[in-house]
Amino acid sequence: MDDIKKRLEKIAQLKKNISKINQAQKEKSISIVNQEIKIEEVVSGNFISTPFGDSFLRENYFPQDYRCGEVELFQIFQSSAKTISSLARDNRLREIDIHKTVFLDTETTGLAGGAGTYIFLVGVGYFAKDQFCVRQYFMRDFNEERALLSAVNELLSDFNTIVTYNGKAFDIPLIESRFIMSGMKLNIKNPGHFDLLYPARRLWKRRLENCSLSTVERDILGVIRENDVPGYLVPEIYFRYLKTKDARALKPVFEHNLQDILSLVALVSRMCFLIEDPLNYTKYGMDIFSIGRMFDEEKRYEQCTHYYTEALKHNLAEEETSEILKLASFAYKRQGEWEDAEKIWKEIIERNREFIYYPYEELAKYYEHHLKDYQKAKIILEEALNIVENIFIREKLQYRLNRIKGKLLCQAPKLS
DNA sequence: AGGATACGTGCGTCGAGGTA
DNA sequence: TACCTCGACGCACGTATCCT
């Protein structure tokens with residue numbers, strides 16, 4: 001019995017020891033996971049003092065010949081304010097001064113907007129003498145938000161124009177709401193705002209798979225990012241940092257934000273060059289067409305038809321050619337270049353196997369109202385009626401044809 | 001996932017010019 | 001004089017698309 005008792009005591013003792021070892025190992029592994037690694041150990045920067053406490057700031061400087069993909073940052077100074085304001089569709093930007101312009105991008109805790117989304121990193125780029133400077137303000141925890149906003153606010157007060165990518169819908173409303181939530185006032189009042197997303201769409205949506213900054217950056221600027229963090233992971237990385245206090249995973253977020261800002265600068269230059277000298281800055285027919293469309297919308301029809309014609313010299317898909325021919329014909333019509341318009345409407349009819357109504361209608365209008373050649377109008381309408389089956393279109397054609405026939409009757413020499 | 005924005009489309013209105 | 005036709009413009013609405 002004693003033997004059994006002794007053995008049981010020994011087993012209990014062994015179990016206690018195993019449990020102690022397990023506990024020690026557990027604590028050791030937790031201490032490894034939760035080892036605090038501060039942001040200043042991972043990202044070189046300093047703490048700046050604000051009325052609301054300290055804020056972490058990283059600064060980077062880029063020399064005059066620094067390239068972002070294929071574009072030198074300082075080429076932006078060759079961009080004309082007129083082109084920028086035209087791209088932005090904002091006349092206020094006719095006065096843009098690049099030295100008074102900030103390039104801004106934020107990293108946040110999500111997309112949701114409203115009170116629940118915080119900005120934890122604000123990147124701001126600007127030209128300072130012969131260098132381009134990027135400042136990145138970082139919030140180590142939610143209680144540093146006012147310090148971050150205060151530091152950003154102080155910098156922004158030196159500028160009057162902001163450049164962003166989708167900032168009209170995302171960054172700026174979020175910044176404004178964070179200032180309101182913090183009971184603070186933004187120093188920069190009613191700035192000029194050049195949001196590059198919209199001109200990028202106008203220029204490249206026909207050619208690129210999408211117009212996200214990363215796609216435009218890769219396909220237009222030739223920027224290749226290594227070890228980039230996809231945007232959707234950014235909130236998760238920040239929340240993990242808050243939990244573990246290990247800042248290592250934040251380094252790529254700083255790099256991502258920095259690259260976004262450099263790309264904004266390069267993109268402004270690239271867009272301006274493209275608009276000012278399209279044939280030298282793109283080999284793509286659809287880019288040239290898009291530029292033609294921009295002139296079309298500005299009612300600058302001479303340039304518009306010039307670029308439509310240039311675009312048509314490229315090897316394009318059938319539906320792309322059709323779209324360009326259609327817009328070119330209407331641009332000629334608005335210029336009063338009727339013969340060019342007529343030529344295109346005829347070409348469209350010849351090219352398309354399926355019936356398209358508008359070139360027949362336009363030709364009929366041209367012959368009836370402009371040339372007053374009712375016979376020609378009659379022929380084109382009858383030609384259309386011979387092909388088309390759609391009842392609604394037939395009714396419209398027939399109505400027009402009846403009127404023409406009436407006019408022909410009036411013209412006919414009266415028999416006495 | 002939430003919100004802002006631009007764009008395309010359809011419809012109504014208006015003025016100019018032409019016609020019965 | 002009344003009506004028709006066209007083109008330009010503005011408005012409303014639905015849709016697609018970016019940001020993290």
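If you're wondering where the values come from, they're calculated on a predicted model, not measured in any experiment. Convention: sequence-line order gives letters A, B, ...; per-chain numbering from 1. Reckoned from all heavy atoms, side chains included, excluding hydrogens, waters and symmetry mates.
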Quick one: do [X] and [Y] make a salt bridge, cutoff under 4.0 Å?
{"X": "A/Glu382", "Y": "A/Lys378", "value": "yes"}
{"X": "A/Asp228", "Y": "A/Arg225", "value": "yes"}
{"X": "A/Arg218", "Y": "A/Glu209", "value": "yes"}
{"X": "A/Arg400", "Y": "A/Glu361", "value": "yes"}

Heavy atoms under 4.0 Å, any strand shown: does [X] hit a base, just sugar-phosphate, or nothing?
{"X": "A/Tyr399", "result": "sugar-phosphate"}
{"X": "A/Asp105", "result": "sugar-phosphate"}
{"X": "A/Asp171", "result": "nothing"}
{"X": "A/Leu213", "result": "sugar-phosphate"}
{"X": "A/Thr164", "result": "nothing"}
{"X": "A/Asp260", "result": "sugar-phosphate"}

Strictly below 4.0 Å: does [X] bring a side-chain N or O up to OP1 or OP2 of [N]?
{"X": "A/Lys365", "N": "C/dG7", "result": "yes"}
{"X": "A/Arg202", "N": "B/dG8", "result": "no"}
{"X": "A/Arg400", "N": "C/dC6", "result": "yes"}
{"X": "A/Lys299", "N": "C/dG7", "result": "no"}
{"X": "A/Lys396", "N": "C/dT5", "result": "no"}
{"X": "A/Lys168", "N": "B/dA6", "result": "yes"}
{"X": "A/Arg201", "N": "C/dC18", "result": "yes"}

Side-chain H-bond candidate by donor/acceptor type, A/Ser263 with A/Gln259, under 3.5 Å: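 Yes, because at least one side-chain N or O of A/Ser263 sits under 3.5 Å from a partner of the opposite role on A/Gln259.
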Judged by modelled atom types alone, do A/Tyr126 and A/Arg135 share a side-chain donor-acceptor pair under 3.5 Å?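 The answer is yes; a qualifying pair exists.
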Is the distance from the ring center of A/Tyr165 to that of A/Phe170 below 6.0 Å? no
Nearest-neighbour nucleotide for the [X] side chain, [options] considered:
{"X": "A/Leu111", "options": "B/dT19, C/dT5, B/dA1", "answer": "B/dA1"}
{"X": "A/Tyr232", "options": "C/dT20, C/dA8, C/dC19", "answer": "C/dT20"}
{"X": "A/His369", "options": "B/dA20, B/dG2, C/dT5", "answer": "C/dT5"}
{"X": "A/Lys205", "options": "C/dT20, B/dC7, B/dA4", "answer": "B/dC7"}
{"X": "A/Pro173", "options": "C/dT20, B/dA4, C/dC18", "answer": "B/dA4"}
{"X": "A/Tyr198", "options": "C/dC19, B/dT5, C/dC4", "answer": "B/dT5"}

Quick one: [X] [atom1] to [N] [atom2], roughly how many Å, whole number?
{"X": "A/Ile404", "N": "C/dC6", "atom1": "CD1", "atom2": "P", "value": "9 Å"}
{"X": "A/Ile175", "N": "C/dC19", "atom1": "CD1", "atom2": "C1'", "value": "12 Å"}
{"X": "A/Arg334", "N": "C/dA8", "atom1": "CZ", "atom2": "C1'", "value": "10 Å"}
{"X": "A/Arg403", "N": "B/dT19", "atom1": "CZ", "atom2": "C1'", "value": "11 Å"}
{"X": "A/Glu368", "N": "B/dG17", "atom1": "CD", "atom2": "C1'", "value": "13 Å"}
{"X": "A/Glu362", "N": "C/dC6", "atom1": "CD", "atom2": "P", "value": "9 Å"}
{"X": "A/Asn210", "N": "B/dA6", "atom1": "CG", "atom2": "P", "value": "19 Å"}
{"X": "A/Phe170", "N": "B/dG2", "atom1": "CZ", "atom2": "C1'", "value": "10 Å"}

Between A/Ala169 and A/Arg293, which has a closest nucleotide on DNA chain B that is more 5'? A/Ala169
